[in-house]
> 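Quick one: the structure is below, and I'll ask about it shortly.
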2 protein chains.
Amino acid sequence: MNTTISDIAQMAGVAKSTVSRYLNGGSVSVKTKQKLERITREAGYVPNTFAQSLKAKRTNLIGTIVPRLDSFAAAQTMTGIDEELRAAGGQMLVYNAGQEREREIEAMHDLARQKVAGIILMPAQVTDEHLLAAEAAGIPVLLVGQGNEALHSLVYDDYQAGLLMGRYVLEKGHRRIAYLGVTEEDEAVGRRRKEGFKQAVLECTDCDVFYYESSFKIADAKLAAERILDECGPTLIVCATDNIALGVVKTAHVRGLSIPSELSITGFGGYEVTSIIHPELTTVRFPYFEAGKLAARHMLKLTAGEDVERLTVMDVEMLVRESVDNLNNSSV
Amino acid sequence: MNTTISDIAQMAGVAKSTVSRYLNGGSVSVKTKQKLERITREAGYVPNTFAQSLKAKRTNLIGTIVPRLDSFAAAQTMTGIDEELRAAGGQMLVYNAGQEREREIEAMHDLARQKVAGIILMPAQVTDEHLLAAEAAGIPVLLVGQGNEALHSLVYDDYQAGLLMGRYVLEKGHRRIAYLGVTEEDEAVGRRRKEGFKQAVLECTDCDVFYYESSFKIADAKLAAERILDECGPTLIVCATDNIALGVVKTAHVRGLSIPSELSITGFGGYEVTSIIHPELTTVRFPYFEAGKLAARHMLKLTAGEDVERLTVMDVEMLVRESVDNLNNSSV
DNA sequence: ATTATTTTTGGAACCGGTTCCTTTAAAGTC
DNA sequence: GACTTTAAAGGAACCGGTTCCAAAAATAAT
């Protein structure tokens with residue numbers, strides 16, 4: 001049914017090695033080149049990827065393991081990876097881990113088995129199991145979003161993000177603040193982002209900060225917001241992610257609290273939706289798309305055996321918008 | 001480096017055909033079975049996918065072509081496809097067409113070349129080129145979101161969605177309405193959705209409807225909303241998608257128009273964000289996730305040579321929320 | 001014209017599995 | 001114990017390419 005290289009060879013009256021050489025730009029005489037050009041075109045010949053990969057022992061596929069498909073960050077990163085990979089003739093094989101650690105591990109084994117050229121992993125947390133699986137895979141593994149000394153990583157400057165945000169809200173006069181974070185098992189979002197914020201707080205003498213914790217889910221954030229408002233009545237809630245902020249915004253609306261005059265709210269991420277809602281959310285932009293592109297570039301280098309710096313830190317950018325009240329004005 | 005079936009055969013002192021038989025559940029004596037069990041485990045043997053596929057002439061990969069990665073609908077559908085496929089031992093290969101028709105075509109050729117078992121396509125519009133490419137691919141192609149007689153399709157009941165929405169807003173007393181749609185080249189969203197709405201309008205005697213058009217982009221929707229408000233000052237704007245509605249909501253906020261008392265707005269889709277914003281958006285829910293799962297199930301059947309109904313229509317559900325004012329009350 | 005050199009080609013092996021067919025070993029029958 | 005039947009194992013071919021090496025053809029040099 002499908003024409004093979006042998007079919008072409010027979011039609012052209014040459015050996016299949018000649019056809020192969022023609023296809024791969026080896027030395028072929030002008031007339032056989034022309035003849036083969038015509039025949040392959042007419043027969044609509046396309047080489048069989050398996051046979052090629054079997055011999056070459058590798059594919060042009062890069063496995064990308066994401067925690068979920070329906071998150072802004074993941075989508076942006078994937079888009080970046082895909083764009084860059086395609087430009088280089090590669091392809092992205094997406095593996096959805098569904099936010100389960102075991103499935104991330106399983107994915108690595110699976111992808112290695114399928115002989116993808118490399119793996120880009122966006123984990124919530126890097127465990128020894130991840131390291132072991134990466135080791136066993138025998139192919140380059142690149143971490144995005146979380147860092148680890150044992151692997152190539154591309155991370156965001158979470159500390160700086162926290163610091164920027166902390167300084168900004170303090171500068172706006174807020175002194176009674178709730179920080180709604182996530183589990184410290186998450187090194188980047190749970191720890192570093194918070195540490196940066198804490199550093200900013202340290203630089204301030206008279207500030208009360210109350211630390212709370214939630215999951216990444218909007219529903220949980222809504223509940224946490226209820227608790228925060230009941231327990232400590234802050235002028236501002238700093239949320240560890242834009243999604244959490246969205247949940248808090250929702251709770252504020254439900255309670256009839258006006259943003260920012262009665263409650264200020266901030267996020268982290270720079271999700272598109274934060275500029276759609278009213279008032280627009282003050283947040284820190286994380287360059288997900290650019291990170292995806294860079295990750296792909298790095299991965300291509302790694303698969304080509306080239307050297308890449310082990311740790312790359314992406315800059316973040318403060319996005320000052322409308323959800324933080326300026327308390328300095330009101331005292332003037 | 002990687003252990004092959006021959007290595008295993010040698011270690012076990014048997015022929016590789018025996019090992020293959022063992023691996024695939026053929027008849028093997030108890031003691032060789034035990035020996036091979038031990039050896040394959042100790043050697044950490046995993047079969048080479050290429051070699052298998054080369055012989056079998058197919059993969060367990062299902063190609064999925066999406067218009068973009070960062071859309072709620074696409075993400076939900078992909079999640080559904082992935083979930084169902086994985087449960088059946090398959091895998092999803094995502095191809096991002098970046099909203100370009102040529103790249104959809106290119107993707108089909110590309111995927112066919114890679115011998116994916118089938119293709120799930122989410123096009124904005126089905127052209128002859130699509131049909132040709134599907135034909136040439138020689139593998140099952142399943143359309144999601146748009147229908148075509150020539151291919152297996154899974155569509156949403158767009159007409160019904162438009163009808164439901166039309167009847168609902170008319171029932172709420174709106175009589176001066178703007179419908180912000182998209183290009184009629186889009187059969188599902190551009191035509192059928194609108195037709196359903198028009199049918200509802202027909203059922204009403206004294207209703208002024210103004211039809212406008214926008215792209216799918218939020219930015220364009222904002223602009224269109226400006227024009228609508230200036231030109232015809234409706235009590236309600238029916239938007240062809242939730243994203244468009246989001247843009248219109250934004251414009252309303254910017255103009256200081258209160259929703260729904262000064263302007264009612266509706267969407268189509270049921271995107272998560274519509275229940276996060278305030279007021280919550282009244283819209284029609286499209287079962288993207290379920291459609292993804294069903295698409296995967298259908299595709300698995302198709303690749304297995306089983307029969308599947310050519311056209312499947314997914315039901316939609318009216319989501320009555322807060323963004324439509326009840327004009328009947330005000331007159332009481 | 002003859003020999004040396006370079007360019008094109010053909011043939012065969014190989015990549016790592018699966019499968020068909022034959023041979024060998026084990027078990028069952030008389 | 002000889003003979004048939006069944007189960008287990010081995011050998012070789014095949015899937016569709018790539019690549020190495022040797023043979024053949026074309027070109028250059030003497």
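Every chain is numbered from 1, with letters handed out A, B, ... down the list of sequences. Just so you know, these numbers use all the heavy atoms, side chains as well, and skip hydrogens, waters and symmetry mates.
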> Which whole-number value in Å describes the distance from A:Q114 CD to C:dG17 P?
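Rounding to the nearest Å, CD of A:Q114 and P of C:dG17 are 15 Å apart.
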> Taking N and O atoms by type only, does the side chain of B:S17 place a donor or acceptor under 3.5 Å from a partner on the base of D:dG11?
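Looking at the base of D:dG11, it does pair with a donor or acceptor on the side chain of B:S17 (distance under 3.5 Å).
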> So with a 6.0 Å cut-off around CD of B:E135, is the heavy-atom count from everything else above 12?
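No, not enclosed.
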> Kindly point out which of C:dG10, D:dG17, C:dT8 is positioned nearest to the side chain of A:S27?
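Closest nucleotide among those given: C:dT8.
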> Grab the NZ-P distance between B:K57 and D:dC14 for me, whole Å please.
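That distance rounds to 13 Å.
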> Can A:I62 and A:T303 be said to form a side-chain contact (heavy atoms from CB on, under 4.5 Å), step by step?
CA-CA 9 Å; A:I62 299 292; A:T303 60; 4.2 Å; yes
> Just do the side-chain hydrogen bond (donor to acceptor under 3.5 Å, both in side chains) check on B:Q146 and B:D186 with the steps written out, would you?
CA-CA 8 Å; B:Q146 302 280 345; B:D186 186 320; 2.8 Å; yes
> Counting the atoms with a prime plus P, OP1 and OP2 as sugar-phosphate, which does B:Y45 contact under 4.0 Å by heavy atoms, base, sugar-phosphate, or nothing?
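If one applies the 4.0 Å heavy-atom cut-off, B:Y45 turns out to touch the sugar-phosphate alone, with no base involved.
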> What is the separation between atom CG on B:L23 and atom P on C:dT19, rounded to the nearest whole Å?
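Rounded to the whole Å, the gap is 12 Å.
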> Using heavy-atom distances to pick each residue's nearest nucleotide on DNA chain C, tell me which of B:F50 and B:R21 is more 5'.
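Its nucleotide being nearer the 5' end, the pick is B:F50.
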> Please find out if less than 6.0 Å separates the ring center of A:F286 from that of A:Y156.
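When the ring centroids of A:F286 and A:Y156 are compared, they turn out to be within the sub-6.0 Å range.
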> Show your working on side-chain hydrogen bond (donor to acceptor under 3.5 Å, both in side chains) between B:S29 and B:T32 and close with a plain yes or no.
CA-CA 6 Å; B:S29 75; B:T32 47; 2.8 Å; yes
> Between A:Q52 and D:dT18, is there a contact of a side-chain N or O with OP1 or OP2 at under 4.0 Å?
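For D:dT18, OP1 or OP2 has a side-chain N or O of A:Q52 closer than 4.0 Å.
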> Hey, does A:V28 reach any base, or is it just sugar-phosphate, or nothing, if we go heavy atoms under 4.0 Å?
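Touches sugar-phosphate only.
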> Pick base, sugar-phosphate or nothing for A:T32, based on heavy-atom distances below 4.0 Å to the nucleic acid.
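Counting heavy atoms under 4.0 Å across all strands, the contact made by A:T32 is with sugar-phosphate only.
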> Over all heavy atoms of both residues, which pair between A:R103 and A:N96 is shortest? Give the atoms and the distance, please.
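In this case the closest contact between A:R103 and A:N96 is NH2-O, 2.8 Å.
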> In terms of the nearest nucleotide of DNA chain D, which residue is placed more toward the 5' end: B:A51 or B:V14?
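Mapping each residue to its closest nucleotide by heavy atoms, the 5'-most match is B:V14.
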> Please state how far atom NZ in A:K55 lies from atom P in C:dA13, giving the value in whole angstrom units.
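Going from A:K55 (NZ) to C:dA13 (P), I get 13 Å.
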> Rounded to whole angstroms, how far apart are NZ on B:K115 and C1' on D:dC15?
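Atom-to-atom, B:K115 to D:dC15, this comes out as 12 Å.
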> Just checking B:S29: base, sugar-phosphate only, or nothing, at a heavy-atom cut-off of under 4.0 Å?
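The residue B:S29 makes sugar-phosphate contact but no base contact.
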> Could you tell me the separation between the OH atom of B:Y22 and the P atom of D:dA9, rounded to a whole number of Å?
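Computing the B:Y22:OH to D:dA9:P distance gives 13 Å.
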> Calculate the interatomic distance between A:K31 atom NZ and C:dT8 atom C1'; express it in whole Å.
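In whole Å, C:dT8 C1' lies 9 Å from A:K31 NZ.
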> Identify which nucleotide among D:dG17, C:dG17, D:dG10 has an atom closest to any side-chain atom of B:A15, counting heavy atoms from C-beta outward.
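Taking heavy atoms from C-beta onward, the closest nucleotide is D:dG10.
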> Among the nucleotides C:dG17, C:dT19, D:dG16, which one has an atom lying closest to any side-chain atom of B:S20?
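Ranking C:dG17, C:dT19, D:dG16 by closest atom to the B:S20 side chain puts C:dT19 first.
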> B:L54 has an atom CG; how far is it from atom P of D:dA13, in whole Å?
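These atoms are roughly 18 Å apart.
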> Of the nucleotides C:dT18, D:dG10, D:dG16, which has the atom closest to the B:N24 side chain?
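Of the candidates, C:dT18 comes closest.
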> Going by modelled atom types, is there a donor-acceptor pair between the base of D:dG17 and the side chain of A:K16 at under 3.5 Å?
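A donor-acceptor contact between them is present.
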